[in-house]
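One structure is given here, and the rest of the page talks about it.
Small disclaimer: the values here were computed from a predicted structure and weren't measured.
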Amino acid sequence: MESSSGGSNIPKIMVFRPTYEEFKDFNKYIHYMESQGAHKAGLAKVIPPKEWIPRKGGYDDIDVMIPAPISQAVNGCQGLYQQYNIQRKPLHVLEFKELAESDKYKTPRHRDYEELERKYWKNITFNQPIYGADVSGSLYDDDQNIWNIRELGSILDCVNEEYGIKIEGVNTAYLYFGMWKTTFAWHTEDLALSSLNYLHFGAPKSWYAIPPEHGKRLERLAAGFFPQSAQTCQAFLRHKMTLISPMMLKKYSIPFDKITQE
């Protein structure tokens, strides 16, 4: 197998298309994916069956406030950047949508994802995008019991049910409202757990992933490039501020893969 960084035997991001029957049992399907080696790339993509509808009423009338939207300021150059999040006043989702589609913030014209990716890295320090991140809540129908992020039937549900412990965004659902260039910096998931992201509506979302077995190499590379951050906190990547471009990853032979979620 070839990875984006050109090395051999690097696990690729796998794509799964379960039937509705297979999709019904979340834990069983995750077990199947891992039996195929899906976890080795650090990320896998699941395309749900057409019969599965998480929200029957559609998405035209979402009544959600984004209590703490953030402007994402990015400093740096030549593939190495740091991101600073500046909190803004609350926004309704419909106001956010209007902003995201406005001339100032909308996605530039592009032929394909490759061209869009080039435009992203070229313009990363310009025109701070606004991100509606970490909004407690869910858009799933209450009676949807298949792959409902609020109740996946995983061991994390027991932490809440048996001990009454809620860890926001870990065993509760979070919503994220993005626009062109909003970014989640390089990081390992909280508590080194897996996470599940479902794209309900809107424009596609692109991901980079480094196989977990090479994660320490990325951490060492980042520590070398950002010595002050590393000195202050060894686990500074968990602060979700560090952006390293694929060009730099290739230069330093850090294997990675990428995929776009639609």
Does [X] reach the main-chain N or O of [Y] with its side chain, forming a donor-acceptor pair under 3.5 Å?
{"X": "N171", "Y": "I165", "answer": "yes"}
{"X": "Q36", "Y": "M14", "answer": "no"}
{"X": "E95", "Y": "H92", "answer": "yes"}
{"X": "T232", "Y": "Q228", "answer": "yes"}

Indicate whether any N or O donor in one side chain lies under 3.5 Å from an N or O acceptor in the other, for [X] and [Y].
{"X": "Y208", "Y": "E117", "result": "yes"}
{"X": "S71", "Y": "Y131", "result": "no"}
{"X": "N75", "Y": "Y81", "result": "no"}
{"X": "E189", "Y": "S194", "result": "no"}

Report the distance from atom [atom1] of [X] to atom [atom2] of [Y], rounding to the nearest 0.5 Å.
{"X": "K45", "Y": "L199", "atom1": "NZ", "atom2": "CG", "answer": "10.0 Å"}
{"X": "R150", "Y": "L139", "atom1": "CZ", "atom2": "CG", "answer": "9.0 Å"}
{"X": "L218", "Y": "I244", "atom1": "CG", "atom2": "CD1", "answer": "5.0 Å"}
{"X": "D142", "Y": "Y140", "atom1": "CG", "atom2": "OH", "answer": "13.0 Å"}
{"X": "M248", "Y": "F256", "atom1": "CE", "atom2": "CZ", "answer": "12.5 Å"}
{"X": "T125", "Y": "Q82", "atom1": "OG1", "atom2": "CD", "answer": "14.0 Å"}

Which heavy atom of [X] sits nearest to which heavy atom of [Y], and what is that distance?
{"X": "I149", "Y": "L196", "answer": "CD1-O, 3.7 Å"}
{"X": "W52", "Y": "I146", "answer": "NE1-O, 3.0 Å"}
{"X": "Q87", "Y": "I70", "answer": "CA-CG2, 4.1 Å"}
{"X": "R238", "Y": "L191", "answer": "NH1-N, 4.1 Å"}
{"X": "V170", "Y": "L156", "answer": "O-CD1, 3.6 Å"}
{"X": "Y198", "Y": "P48", "answer": "CE1-CG, 4.2 Å"}

Original post:
Could you walk me through whether W180 and K119 pass the side chain to side chain contact (heavy atoms under 4.5 Å, CB included) check?
Top reply: CA-CA 11 Å; W180 159 240; K119 287 186 175 186; 4.3 Å; yes

**OP:** Take the angle between the ring planes of F177 and F201 and call it parallel below 30°, perpendicular above 60°, tilted in between.
**Re:**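 F177 vs F201 ring planes: tilted.
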
Is the count of non-hydrogen atoms from other residues, nucleotides or ligands lying under 6.0 Å from [X] atom [atom1] greater than 12?
{"X": "K205", "atom1": "NZ", "result": "yes"}
{"X": "Y32", "atom1": "OH", "result": "no"}
{"X": "K240", "atom1": "NZ", "result": "yes"}
{"X": "D60", "atom1": "CG", "result": "no"}
{"X": "E98", "atom1": "CD", "result": "no"}

Do the side chains of [X] and [Y] get close enough for a salt bridge, i.e. N-O under 4.0 angstrom?
{"X": "E114", "Y": "R118", "answer": "no"}
{"X": "D257", "Y": "K12", "answer": "yes"}
{"X": "E219", "Y": "K216", "answer": "yes"}

**OP:** List the steps and the verdict of side chain to side chain contact (heavy atoms under 4.5 Å, CB included) for E34 and H39.
**Re:** CA-CA 6 Å; E34 290 190 341; H39 55 297; 3.8 Å; yes

Original post:
Going through the distances and angles, do Y176 and T182 end up as a side-chain hydrogen bond (donor to acceptor under 3.5 Å, both in side chains)?
Top reply: CA-CA 10 Å; Y176 293 83; T182 50; over 6 Å; no

Subject >> Derivation and outcome, side chain to side chain contact (heavy atoms under 4.5 Å, CB included), residues Q128 and Q72 >> reply: CA-CA 5 Å; Q128 305 171 5; Q72 296 192 308; 5.6 Å; no

**OP:** Could you walk me through whether L243 and V74 pass the side chain to side chain contact (heavy atoms under 4.5 Å, CB included) test, one step at a time?
**Re:** CA-CA 9 Å; L243 305 175; V74 176; 4.1 Å; yes

